[in-house]
Amino acid sequence: DGGITQSPKYLFRKEGQNVTLSCEQNLNHDAMYWYRQDPGQGLRLIYYSQIVNDFQKGDIAEGYSVSREKKESFPLTVTSAQKNPTAFYLCASSIESLGYNEQFFGPGTRLTVL
Amino acid sequence: AQSVAQPEDQVNVAEGNPLTVKCTYSVSGNPYLFWYVQYPNRGLQFLLKYITGDNLVKGSYGFEAEFNKSQTSFHLKKPSALVSDSALYFCAVRDNTGNQFYFGTGTSLTVIP
């Protein structure tokens, strides 16, 4: 099966801890994205990557970090600097970063800070 | 600046009736427009997109959307709603020069049996 996987599905973190959310795709897509979803606010872009070893900040990058060492992987680290990290996190990919190609989404990770 | 507006947080419709979920957009160039559906605690699923050509676009699960350039709208429609259509619907836009997708805040659709 082709698609995007995210793990874990649920994640609990104590204040002051860093946590890393996994995102893997076997669609051979060049572009990958991380979004944060909060009730009533839609999806907000955290980071995106157009190609391996390159990524750009989105609208709400503060307190987050990413890496793109492999085409199929785009992990997101939520650092202790993120003041309100409790949210639903969605990873997505598309064939390319420009143009009319739609995004494919993973199932999401729900992060809760205790 | 690119943006998307979904003016209705909630839409209720009776099963078997037609449904419409509204979306308006603002982009600096020619728009690429998308509709996605999200079921609880799941990722978004692609429904349909407008690139160019016919203003009426047909997509998955019997959904269609009408592009109206003069009104800068891209409303999602279905002739006969099913209870299983109850979900959260997102409109998104991308212009033909940009890297990012811009999403609306979502519309919760409830189909009443």
Side-chain angles (χ1 to χ4, degrees), chain A residues 3-11 21 23 25 27 29-51 54-61 87-112, chain B residues 1-10 21 23-25 27 29-54 57 59-60 63 65 67 74 87-108:
Chain A
I4 301 179
T5 57
Q6 291 184 242
S7 61
K9 187 174 178 65
Y10 298 97
L11 186 57
L21 282 60
C23 177
Q25 54 99 359
L27 300 168
H29 286 174
D30 286 321
M32 296 187 75
Y33 311 78
W34 274 106
Y35 293 92
R36 170 179 171 142
Q37 184 177 17
D38 296 282
Q41 296 195 47
L43 276 66
R44 292 184 290 168
L45 182 66
I46 305 172
Y47 270 97
Y48 65 100
S49 169
Q50 298 169 279
I51 196 168
D54 185 53
F55 48 83
Q56 287 78 41
K57 292 181 179 181
D59 299 321
I60 56 165
F88 190 51
Y89 290 87
L90 289 163
C91 179
S93 70
S94 63
I95 293 175
E96 55 172 339
S97 61
L98 296 175
Y100 52 77
N101 295 296
E102 64 272 21
Q103 292 177 315
F104 291 77
F105 284 82
T109 292
R110 186 166 297 281
L111 173 63
T112 302
Chain B
Q2 278 66 250
S3 66
V4 174
Q6 293 182 242
E8 300 160 318
D9 292 335
Q10 174 79 41
V21 183
C23 172
T24 59
Y25 66 90
V27 293
N30 292 323
Y32 299 133
L33 295 154
F34 305 82
W35 274 103
Y36 293 85
V37 60
Q38 185 182 33
Y39 296 97
N41 295 310
R42 303 287 295 274
L44 276 67
Q45 296 177 33
F46 170 73
L47 283 177
L48 51 79
K49 65 183 176 184
Y50 171 82
I51 304 169
T52 187
D54 287 342
V57 178
S60 306
F63 284 94
F67 172 66
F74 189 56
L88 189 57
Y89 290 81
F90 288 97
C91 181
V93 68
R94 179 190 235 183
D95 70 24
N96 57 7
T97 61
N99 296 326
Q100 297 187 29
F101 291 80
Y102 294 86
F103 286 82
T105 52
T107 297
S108 179

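Letters go in sequence order (proteins before strands), and every chain restarts at 1.
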Which atoms of A:L90 come close to chain B, meaning under 4.5 Å heavy atom to heavy atom: side chain ones, backbone ones, both, or neither?
side chain
Segment of A:E102 engaging chain B (4.5 angstrom heavy-atom cut-off)
both
How close do A:F88 and B:R42 get, counting heavy atoms only, and between which atoms?
CE2-O, 3.6 Å
Shortest non-hydrogen contact between A:R110 and B:N41, atoms and distance
NH2-OD1, 3.0 Å
Chain B contacts, top residue of A:P107, A:P39, A:G58, A:G106 (heavy-atom pairs, under 4.5 Å)
A:P107
Against chain B, work out which of A:L45, A:D59, A:L43 has the most heavy-atom pairs shorter than 4.5 Å and name it.
A:L43
All salt bridge (Lys or Arg N to Asp or Glu O under 4.0 Å) counterparts of A:D38, not counting sequence neighbours:
A:R36, A:R44
Structural part of [X] lying under 4.5 Å from a heavy atom of chain A:
X	answer
B:L88	side chain
B:Q6	neither
B:Y50	neither
B:L44	both

I'd like to check B:F103 versus A:Q37 (side-chain heavy atoms, cut-off strictly below 4.5 Å). Are they in contact?
no
How many angstroms lie between atom CG of A:N101 and atom CZ of B:F46, to the nearest 0.5 angstrom?
9.5 Å
Sequence-distant partners of A:A92, side-chain contact (heavy atoms from CB on, under 4.5 Å), two or more places apart
A:Y33, A:Y35, A:Q103, A:F105
Counting neighbours of CG on A:D54 that are heavy atoms of other residues, nucleotides or ligands and sit closer than 6.0 Å, is the number greater than 12?
yes
